[in-house]
2 protein chains.
Amino acid sequence: MDKRKRTRLRAAGWTVGTPREFLGLSDEEAAFVEFKLALSKTLQALRAAQELSQVDVAKRLHSSQSRVAKMEASDPSVSVDLLVRSLFKLGAQPGDIAKALRPRRRVAAT
Amino acid sequence: MDKRKRTRLRAAGWTVGTPREFLGLSDEEAAFVEFKLALSKTLQALRAAQELSQVDVAKRLHSSQSRVAKMEASDPSVSVDLLVRSLFKLGAQPGDIAKALRPRRRVAAT
DNA sequence: TGCATGTATGTCCAATCGGACAGATAGTAC
DNA sequence: GTACTATCTGTCCGATTGGACATACATGCA
């Protein structure tokens with residue numbers, strides 16, 4: 001987005017910026033939600049790799065399908081604890097989790 | 001500990017083994033407590049590096065000294081969420097956390 | 001000795017989390 | 001069309017968590 005358009009939008013009362021700016025998140029909060037997101041993605045990937053349904057995973061975790069869906073969606077009602085425990089139960093190794101948390105290479109902003 | 005002594009102790013009614021065995025933790029549970037422990041240690045290290053008291057840290061986190069003590073002690077009442085949020089608030093980068101989680105090289109058991 | 005500082009531990013209660021259920025939506029096969 | 005499967009979303013209520021407080025313990029210093 002170029003400066004001109006940005007300015008016009010702001011003048012029209014719009015908030016312009018990144019999702020993080022939009023939501024008014026501080027740096028630490030943003031880092032935390034990204035952290036959770038990385039774990040969610042890892043969980044999804046692990047499930048896909050094992051070709052399981054959410055119901056299957058729920059059984060292994062002694063939980064419910066709806067909670068698994070929320071875990072994968074990084075729902076606010078899901079804690080990092082639950083995500084980490086679940087990853088371990090699905091066979092992830094500590095190293096796998098560490099790997100998943102490494103910050104993605106940043107791509108040039110447009 | 002040698003085999004002989006181990007056997008004698010068991011005969012005398014003692015449980016012999018790792019803390020994990022002693023507590024009857026499954027692999028995933030053990031992995032999880034180690035995970036938490038790594039975060040606690042990182043928090044302590046971060047505080048030490050900045051030469052802050054627990055009270056100082058508590059202020060930065062908008063929490064209390066007692067909770068900080070429990071975080072560093074990896075108390076059961078402390079969640080991974082709290083630890084991770086705290087680390088970020090103290091300025092840790094995602095990469096730092098990933099690094100802290102990498103499994104330590106195992107040393108020959110005695 | 002008393003006093004200050006830093007840390008550890010136990011408890012209380014409000015806030016958050018998590019399993020479970022209901023119901024919605026989407027895709028596929030018959 | 002119905003039926004089945006997989007996933008998503010909202011809600012409820014018991015369980016866990018977290019800030020706060022009191023208090024104990026340790027160390028250093030005047």
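Throughout, protein chains are lettered first and strands after them, A, B, ... in sequence-line order, and every chain is numbered starting at 1.
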**Prompt:** To the nearest 0.5 Å, how far apart are CG in A:Leu82 and CG in A:Leu61?
**Reply:** 7.5 Å
**Request:** With sequence neighbours excluded, give me every side chain to side chain donor-acceptor pair (under 3.5 Å) pair touching residues 46-55 of chain A.
**Result:** A:Arg47-A:Glu72, A:Gln50-A:Arg60, A:Ser53-A:Asp56, A:Gln54-A:Gln65, A:Gln54-A:Glu72
**Item:** Residues that A:Thr42 engages under side chain to side chain donor-acceptor pair (under 3.5 Å), provided they are two or more places apart
**Value:** none
**Strand-adjacent residues in residues 48-62 of chain B, judged by heavy atoms under 4.0 Å from DNA chain C** = B:Ser53, B:Gln54
**Asked** Mind checking which nucleotides bracket the chain B contacts on DNA chain C, 5' to 3', with an atom under 4.0 Å from a heavy atom?
**Response** C:dT7 to C:dT11
**Prompt:** Which pair of heavy atoms, one from B:Val80 and one from A:Val80, lies closest together, and at what distance?
**Reply:** CG1-CG1, 3.4 Å
**Request:** Indicate yes or no: at least one non-hydrogen side-chain atom of B:Leu101 is less than 4.5 angstrom from one of B:Leu39.
**Result:** yes
**Asked** Among residues 66-89 of chain B, which residues get a heavy atom nearer than 4.0 Å to DNA chain C?
**Response** B:Ser66, B:Ala69, B:Lys70
**Fill in**
Rounded to whole Å, CD of A:Gln44 lies from P of D:dA6 at a distance of 17 Å
**Request:** Under the side chain to side chain donor-acceptor pair (under 3.5 Å) rule, collect the residues that match up with B:Ser40, sequence neighbours excluded.
**Result:** B:Ser74
**Request:** May I have the distance from B:Lys36 (atom NZ) to D:dG18 (atom C1'), rounded to whole angstrom?
**Result:** 12 Å
**Message:** B:Ser66: which residues meet the side chain to side chain donor-acceptor pair (under 3.5 Å) condition with it, sequence neighbours left out?
**Reply:** B:Ser64
**Asked** Backbone N or O of A:Val78 within a donor-acceptor pair of the A:Lys36 side chain at under 3.5 Å?
**Response** yes
**Prompt:** For residues 77-97 of chain B, which residue pairs qualify under side chain to side chain donor-acceptor pair (under 3.5 Å), counting only residues two or more places apart or in two chains?
**Reply:** B:Arg67-B:Ser77, B:Asp75-B:Ser77
**Asked** If you take all heavy atoms of B:Phe88 and A:Phe35, which pair is closest and at what distance?
**Response** CZ-CD1, 3.9 Å
